[in-house]
Every structure is written in structure tokens, then in C-alpha cells.
Number of protein chains: 2
Amino acid sequence: MAAETGAESVEAAESADAADAVKETRGDADGAGGPDDSWGEVAPDAARRLLLAAVEAFAERGFHATTTRDIASRAGMSPAALYIHYRTKEELLYQISRVGHERSVRILTEAGNSAVTPADRLAAAVRAFVRWHAERHTTARVVQYELNALAEEHYAEIVALRRRSEEILRGILEDGVAAGDFTVPDIRGTALAVLSLCIDVARWFRSGGTRTPEEIGELYAGLVLRMVGAPAAPAAETADGADRGA
Amino acid sequence: MAAETGAESVEAAESADAADAVKETRGDADGAGGPDDSWGEVAPDAARRLLLAAVEAFAERGFHATTTRDIASRAGMSPAALYIHYRTKEELLYQISRVGHERSVRILTEAGNSAVTPADRLAAAVRAFVRWHAERHTTARVVQYELNALAEEHYAEIVALRRRSEEILRGILEDGVAAGDFTVPDIRGTALAVLSLCIDVARWFRSGGTRTPEEIGELYAGLVLRMVGAPAAPAAETADGADRGA
DNA sequence: CCGCCGCCTAAGCGGCTGCTCAGCAACCGT
DNA sequence: ACGGTTGCTGAGCAGCCGCTTAGGCGGCGG
């Protein structure tokens, strides 16, 4: 009962306050870079601290190598406190994974709708997706690489979300090919390759590196445009009116 | 003592019989596709079976979720037998990781030297690297995604090998830019992106899929050539004399 | 002021973990 | 025929795992 309360709060933060969550994400992304605080409005304070601790621990050592004692002590609590807010260790991973995947789908959807031409839409999607994987690389690492530690039914739900992401990207590629803007021999394979490129950023990105998330997003957007055979130099990130290239 | 014997045998298989190993790899790649038998000439038979069992178990569930009892029973032995051939469970992972990374470096080196023009060299490298990740995806998954379960000193050694791979690829890109064949704004970043693309194949590839390893290698080689701004349609895999394009 | 309730801890339970060890069977050169 | 080496097993140890339980503390409505 008490455990269920914590879980539902997370759910509420993602469904009821969806609009706010988006706004908050934009704000964070602009200001760029405190710690991983994508979990702004999660349930009681303790539940959020536990979730954040779990994200860090899972990202560092992986789900199976992380102990509940480790998570609890990172959050400054006793091991038993974890079970007041979450039923099991796996549910912690599930919440992280679900919220992260929902955010992924939203990022791709919004970026994919933020422009008119397929090239601009593709560039915006890659730019935003890569930026998220770099900026929130701790969260993203857990989201992208720990999913097969999930229980069967949770896993199935997450896989469905991942398919959504793939479909969104494939849709953009199909539009580009149909419009004659892209030249792609294998749309499904290419969509997969683009996703690979973006996702893998979470694996190697470190905060102290030479490139900022924005720079990597920009670089990758360019690479992807060339991959699909589109002419170079797209517009700016948002409909900003500032053409510089060409 | 006894444990050390097993470890050394693996080492011998990679250093003394290096030339044979290469030949055998080529043979397997051509015939394409039994189970993961990249471990052809490892020490006594039992040590090889244990290694193969460990590869499968690590790939399925991850290093930390795999028990020594699981590995042993897959190899048809008692848990204690493992410690006759390997000192610890981690050493098993280390051997897998080391041999796999050495093979990666060799694949990239040979493919990178198998042609003259940077475009052909890049295409050959990507084609071979992707093919390995698809064909041997079980091994590759462990090699690429379980390395942070390694002990500190083993990890450092593996990271050095990974840097070698990156340097090889970067070298090809630099040659191409110097020759005016490639147009790349950020060589390091692009090299990383190309590696990402290849490595990530091990994450999503399944044996029953619609595409063969060769087709994926071909597709990805084309994508990468466009990424670096090179003209399309390169020559065949080995110096085969058959020009078809351009 | 009381009694209740949400949040937390100390202690600990059963079970599984990586790993060890004594012993044994099969094979070896002599 | 035989002592020794090699490869393996059955049993088991110490320690850590996820998770539970009983109880306490502080704030809040009445």
C-alpha cells in the first residue's frame, strides 16, 4: 500500500503534469547542466532522492551489481526505507526506464514535428535526441543499457515504447524518400543506424569532455543528413529565422 | 598453478598461433555462421567449453547476473571445475574481452590496409567490423558492453586496446581528408560516430532477422562513406580486381 | 492534551553467491 | 604393475543478497 503510493506519484508526474514537465525540460536544457534532475516532481522528497540515487548507482555499476544498501546509503537512508516507496529494486529500474523512454518518445515526436521539410525534421530529431543522451547521459545510460534486467512484463512494455521511437524516425525517413529529398536504399536499416548513433552517445559521453552536448548534436545532425543523401546546412534548432550556412 | 595453465593456453592461442587464427577466422566468415566458435584453439577442451558457456551466459544476462554455477552447468561440469582453468569469474570475462578486442584491432588493421584509396579502406574496415559484430554478436555483446565489470588493471589494458581501434579508424579518416577525398568537420567526433555505428550492431542484431551480416556490412559501409562526404560505390571486399561502379 | 498515522530505523531471515578443499578416477611413463 | 600427475566432483564455508518485521519518533487533527 505505502509502496504503491510512491509508484503512483511518479506516474502522476508524467501524465497529469505532462505539459509542465516539457516546459521544465526545455528550461533545464537551455540553462544546461546541473546534475541529472530530470526527476523534478517525483512524489515525496525521499522517493525522489532514492530514484536519483538508483540512477547514479545503476549507471556506474549496472543494475545487478548495485545493492539496495548502496542505493539507500546514497540517498542517506536505511536499506528498509527503500521498500516504503518502491516494492522491489526492479521497480526502481522500471520507473527509471519507463519515464526515460516516455521522454525519448516525446523528444522525437516534438522535434520531428518542429519543422516542415523532412531534412529539417530529421536534423531536429537527431539534434534533440543526441543532446538528451549527452546532457542526461547518466539517466540515458540506465534507460538504454539496463533494460534486459527488467521483469518480463515490464520489459514488454518498454520494448513497445522503443518500437514507437523507431517508427517515428522511420516515418521521417519515409517522408523524405517520398518527397525525393532523401536517397536511402534500406529505410528500416537506416532508421536503426540513426538510432544506434544517437543512443550510443550515452555510452561514451563524459561531462568533462571537449565537446558540449550541443556541439555533438550539431555534428551528428550533419552526419545523419549526409547519411540519407540530403543536401547539407539545415536551419537553426527552433524556427529562429537565422540562416547562416548555405 | 593449475589455474594459471588455463589462462596461459588462451594467451598462447592468440600469440603463437596468430597466423593460423586469422586464417581460421576468414574460413568461418566465408562459410558463415555456426554458433560462436571464435574460440577454436583454446587450451584443453574443458577450458574452451567453459569459455563458450561463459560467453553465452554473459551475453544473455550480463556478467553480474551470471553465476559460476550457471556457467559450469552450461559446460556440463560441476561449479568447482571452473576454478581449475580460471582463477576467478572475472578472469573468464577478462579472457573473453581481451581476445575479442585483439580480434577487433586485427580486423580493423587488416581491412584498413586491404586497399589503396581512403574510401576503399574505410569501406572495407566498416564492412568487416560490422560483419564481425553481426556474425559473432554473442561474443561481441560481451566484448563491447560488459567491460566495466572488469577489475581495474584489466580494464585499463582493455581500454588501451579500444583506443587503438579508434586510432586506426581516425587514421583512415585523416588520410582521406588529407587526400581531399573526405569532407569531415570533426575527425575525432566522426571516428567515434563510425565506431558507435558498428559496435551498436551487436546490441540489436538477432540471428533470425531479415538481413544477413553481409548485407548490414554493405549497407553500413555505404552510410559511412556518405557520412564522410565521399563519392559512392567502392570496390569489392578484398582486392578482387572487379570494378563495377564508377 | 491525546491518539493516530506517515515515515523511518535496527535487526535479522532465508537463500544464494563466489570460491575452497579433500578425495577419487583415469591416464601417464617407466 | 604402479606411483604420480591431471581433471574433475560432492560437500560446504563465510559472507552478502533482497527483502521483512517490529517498533519508535514527530507532526497534526480533535
Side-chain angles (χ1 to χ4, degrees), chain A residues 1-10 12 42-55 57-58 60-96 146 149-152 154, chain B residues 1-10 12 42-55 57-58 60-96 146 149-152 154:
Chain A
M1 266 260 223
E4 205 142 355
T5 306
E8 279 174 17
S9 317
V10 179
V42 169
D45 180 75
R48 195 188 62 246
R49 268 159 45 217
L50 283 166
L51 224 140
L52 196 70
V55 167
F58 292 164
E60 262 175 42
R61 325 184 188 192
F63 176 79
H64 290 292
T66 299
T67 69
T68 54
R69 287 162 175 84
D70 184 23
I71 297 170
S73 81
R74 274 177 200 248
M77 310 173 94
S78 87
L82 197 152
Y83 294 91
I84 294 164
H85 301 282
Y86 302 94
R87 261 178 302 250
T88 62
K89 186 177 86 160
E90 190 266 352
E91 197 199 305
L92 223 22
L93 175 63
Y94 169 59
Q95 296 300 343
I96 294 166
E146 297 293 329
L150 288 167
E152 193 109 14
H154 291 160
Chain B
M1 263 261 222
E4 205 143 354
T5 305
E8 278 173 19
S9 319
V10 178
V42 169
D45 180 74
R48 195 188 62 246
R49 267 159 45 218
L50 283 165
L51 224 142
L52 197 70
V55 167
F58 292 163
E60 262 177 42
R61 326 183 188 191
F63 176 80
H64 290 291
T66 300
T67 69
T68 54
R69 283 161 178 83
D70 184 22
I71 297 170
S73 82
R74 276 177 199 247
M77 310 173 96
S78 89
L82 197 152
Y83 294 90
I84 293 164
H85 301 281
Y86 302 95
R87 261 180 300 253
T88 61
K89 186 176 85 160
E90 190 267 351
E91 197 199 305
L92 222 23
L93 175 63
Y94 169 59
Q95 297 299 344
I96 295 166
E146 297 293 329
L150 289 168
E152 193 109 14
H154 291 162

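Every chain is numbered from 1 and lettered A, B, ... according to where its sequence line falls, protein lines coming before strand lines.
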Give me the atom names and distance for the closest heavy-atom approach of B:Ala75 to B:Arg49. O-NH2, 3.0 Å

What heavy-atom pair brings A:Glu146 and A:Gly62 nearest, and what distance separates the two atoms? OE2-CA, 3.5 Å

To the nearest angstrom, the CZ-C1' distance between A:Arg48 and C:dC7 comes to 16 Å

Rounded to the nearest Å, what distance is computed from the CG atom of residue B:Leu50 to the C1' atom of nucleotide D:dG7? 11 Å

Rounded to whole angstroms, how far apart are CZ on A:Phe63 and P on D:dC17? 13 Å

Taken to the nearest whole Å, NZ/B:Lys89 to C1'/C:dG18 is 8 Å

Contact list for DNA chain C against residues 67-80 of chain A - heavy-atom distance below 4.0 Å: A:Arg69, A:Met77, A:Ser78, A:Ala80

Nearest-0.5 Å distance, CG of residue A:Leu93 to NE2 of residue A:His154: 10.0 Å

Using atom CG of B:Leu82 as one end and atom P of C:dT17 as the other, report the distance to the nearest whole Å. 14 Å

Please give, in whole Å, the distance from C:dC19 C1' to B:Glu91 CD? 14 Å

Under 4.0 Å: is that the gap between some side-chain N or O of A:His85 and OP1 or OP2 of C:dC8? yes

A:His64: which residues meet the side-chain hydrogen bond (donor to acceptor under 3.5 Å, both in side chains) condition with it, sequence neighbours left out? none

First locate atom CD of B:Glu90, then atom CZ of B:Phe63, and finally report the distance between them rounded to the nearest 0.5 Å. 6.0 Å

Flag side-chain contact, heavy atom, 4.5 Å: A:Phe58 against A:Lys89: yes

Give the minimum heavy-atom separation between B:Asp45 and B:Arg48, together with the two atoms involved. OD1-NH2, 2.9 Å

Taking all non-hydrogen atoms of both residues, which atom of B:Leu92 and which atom of B:Ala54 are closest, and how far apart? CG-CB, 3.7 Å

Of the nucleotides D:dC8, D:dC19, C:dG18, which one has an atom closest to the side chain of A:Tyr83? D:dC19

What is the distance from CG of B:Leu93 to P of C:dG18, rounded to the nearest Å? 13 Å

Return a single string for nucleotides 22-29 of chain D, one symbol per nucleotide in 5' to 3' order, where B is base contact, S is sugar-phosphate-only contact and - is none, cutoff 4.0 angstrom on heavy atoms. --------

Which value, rounded to the nearest 0.5 Å, describes the distance between B:Leu50 atom CG and B:Ile71 atom CD1? 8.0 Å

Given atom NE2 of B:His64 and atom P of D:dC17, what is their separation to the nearest angstrom? 12 Å

